[in-house]
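Order of the sequence lines sets the chain letters (A, B, ...), proteins ahead of strands, with each chain counted from 1.
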Amino acid sequence: MNPFHQMRLALAGLMLAALTLAGCAGPGSYVVLLPSPDGTVGKVTISGASGQQVLTQARTGSMLNGKEAPFEVSREQLAKDFGEAMSARPALPEHFLLYFMPGGAQLTPLSVTLLPKILQRAKARHAVDVSVIGHTDTQGKAETNEELALKRAAAIAEQLRQMGLKDTVISVESHGERNLLVPTPDETAEPRNRRVEITLR
Amino acid sequence: MTLWRVRIAASLLLMALAPLSQAQTEAIGYVKTVTGDAWVITAGQRVKAQPGSAVLLGSQLKTSHSATMGVTYKDDTVMSFGPDTELTVDEYLYAPAQGQLKLTARLSRGSLNYVSGVIARLKPEAVSVKTPTGIIGVRGTQFVARVEDDQ
């Protein structure tokens, strides 16, 4: 083999190695749009030093510097670059609504039956923290309702603690009559607005 | 002299208590999953992350080589990180009843899986993830992002 030939071979080998490396390394710094856990696909915008891009299709990606049009990302590439981050994803938060009898912090009979299920779900979660937000309907004064909603949330938090969530962080909040589930005029009794929202995170 | 001592003691006590009364000592989220060595660094204080560790405004979340971590925020935003990752929460406002919503995070290296929460649903333009080369905006969805060191 003459020296010229050898050099060409070596060069070809080098190029092949470079190509293989590029294939392994993935696109570099980039972002990929994925479907939401509920199956819908939203949108991601990228404002980079070299341009702007918008992603609207699941499993399309863009360089973070905004250069070049969006590209498709294979499941293999996703698993390789993001598998560990994805597998560390905590369980998604769960939401529950409990409803109250008018004027006080007494649950409706149907809502009472939900409490054990909520407790069971809370205990099944890893390092759970709980949020309880109280609401009222628009009957009565806004300030009174602010207090009533807090009383409702505090009563439910206390019940959850007594039922077994002793060492759990439970945050208690009041939205009074400011955050209606069903919009109504003032001074309207509405059972669906007399509620607490429980979130298990 | 005695009065002086009392005064000094009182002011020291006030200084010690002051940070507690500020909003940034309130948890904005909690660590839920950890594998390997990961940290939550807040105002220079480095805490080894474990399930239940609090994340505060300004916290830097860090995973070491071959470690992972997952965090759930007060508004149900969920973020998880692969190995060798650094993310800082620069702004976090969640008072939906007052219409105050904001989430700004900085991914300086590594990999992130983001699932949007209430802030992105109520006010999409209030959420952004900054990276060394560009800013990611979110319209109610899930995404993954990767920042490589050499860029």
Visitor: Looking at A:Asp38, I want to see if its CG is surrounded by more than 12 non-hydrogen atoms of other residues, nucleotides or ligands under 6.0 Å.
Guide: yes
Visitor: Among A:Asn65, A:Val31, A:Leu64, find the one that has a side chain to side chain contact (heavy atoms under 4.5 Å, CB included) with B:Thr131.
Guide: A:Leu64
Visitor: So does B:Lys74 pair up with A:Asp129, basic N to acidic O under 4.0 Å?
Guide: no
Visitor: Which of the residues A:Asn179, A:Thr40, A:Val169 is involved in the greatest number of heavy-atom pairs with chain B at under 4.5 angstrom?
Guide: A:Val169
Visitor: For B:Val115, is it the side chain, the backbone, both or neither that has a heavy atom under 4.5 Å from a heavy atom of chain A?
Guide: side chain
Visitor: Hey, is NE2 on A:His95 packed in by over 12 heavy atoms from elsewhere, all under 6.0 Å?
Guide: yes
Visitor: How about CD on A:Gln106, more than 12 heavy atoms from neighbouring residues, nucleotides or ligands closer than 6.0 Å, or not?
Guide: no
Visitor: Minimum heavy-atom separation for A:Lys43 and B:Thr141, please, with both atom names.
Guide: O-CG2, 3.9 Å
Visitor: Which residue out of A:Ala58, A:Ala127, A:Ser87, A:Gly48 racks up the most heavy-atom pairs below 4.5 Å with chain B?
Guide: A:Ala127
Visitor: Got a donor-acceptor contact below 3.5 angstrom from the B:Ser111 side chain to the A:Ala85 backbone?
Guide: no
Visitor: State, to 0.1 Å, how close A:Pro90 and B:Ser80 come at their nearest heavy-atom pair, and which atoms those are.
Guide: CD-CB, 4.3 Å
Visitor: Side chain, backbone, both or neither: which part of A:His126 has a heavy atom under 4.5 Å from chain B?
Guide: both
Visitor: How long is the straight-line distance from OG of A:Ser131 back to CG of B:Asp75, given to the nearest 0.5 Å?
Guide: 11.0 Å
Visitor: Determine yes or no for a side-chain-to-main-chain donor-acceptor pair under 3.5 angstrom, with A:Arg89 supplying the side chain and B:Gly70 the backbone.
Guide: no
Visitor: Counting only heavy atoms closer than 4.5 Å, note whether B:Tyr114 contacts chain A via side chain, backbone, both or neither.
Guide: neither
Visitor: Out of B:Thr68, B:Ile135, B:Thr33, which one racks up the most heavy-atom pairs below 4.5 Å with chain A?
Guide: B:Ile135
Visitor: With a 4.5 angstrom heavy-atom cut-off, is it the side chain or the backbone of B:Val147 that approaches chain A, or both, or neither?
Guide: both
Visitor: Would you give the length of the straight line joining atom CZ of B:Arg109 to atom OG of A:Ser29, rounded to the nearest 0.5 angstrom?
Guide: 12.0 Å
Visitor: So B:Ile136 and A:Ser47, do their side chains get closer than 4.5 Å, heavy atoms only?
Guide: no
Visitor: Which atoms form the tightest heavy-atom contact between B:Gln142 and A:Ser36, and what is the distance?
Guide: N-OG, 3.9 Å
Visitor: If I measure from the heavy atoms of chain A, does B:Val129 come under 4.5 Å with its side chain, its backbone, both, or neither?
Guide: neither
Visitor: Atom CD in A:Glu94, atom CG in B:Asp76: separation rounded to 0.5 Å?
Guide: 11.0 Å
Visitor: Contact part of A:Ser62 toward chain B, heavy-atom cut-off under 4.5 Å: side chain, backbone, both or neither?
Guide: neither
Visitor: Test side-chain contact (heavy atoms from CB on, under 4.5 Å) on B:Arg139 and A:Thr56 and set out the steps.
Guide: CA-CA 10 Å; B:Arg139 301 291 178 270; A:Thr56 55; over 6 Å; no
Visitor: Return the CZ to CZ distance between A:Phe82 and B:Phe143, rounded to the nearest 0.5 Å.
Guide: 10.0 Å
Visitor: Do side-chain atoms of B:Lys32 reach the backbone of A:Arg201 as a donor and acceptor pair under 3.5 angstrom?
Guide: yes
Visitor: Report which part of A:Ile133 has an atom under 4.5 Å of a heavy atom belonging to chain B: side chain, backbone, both, or neither.
Guide: neither
Visitor: If you count heavy-atom pairs under 4.5 Å with chain B, which of A:Pro35, A:Ala88, A:Gly42, A:Pro37 comes out on top?
Guide: A:Ala88
Visitor: Among A:Val73, A:Leu92, A:Leu33, which residue forms the greatest number of heavy-atom pairs with chain B at distances under 4.5 Å?
Guide: A:Leu33
Visitor: List the atom of B:Val144, the atom of A:Met86, and the distance in Å for their closest heavy-atom pair.
Guide: CG1-CG, 4.2 Å
Visitor: Chain A heavy atoms under 4.5 Å from B:Tyr30: which part of the residue, side chain, backbone, both or neither?
Guide: side chain
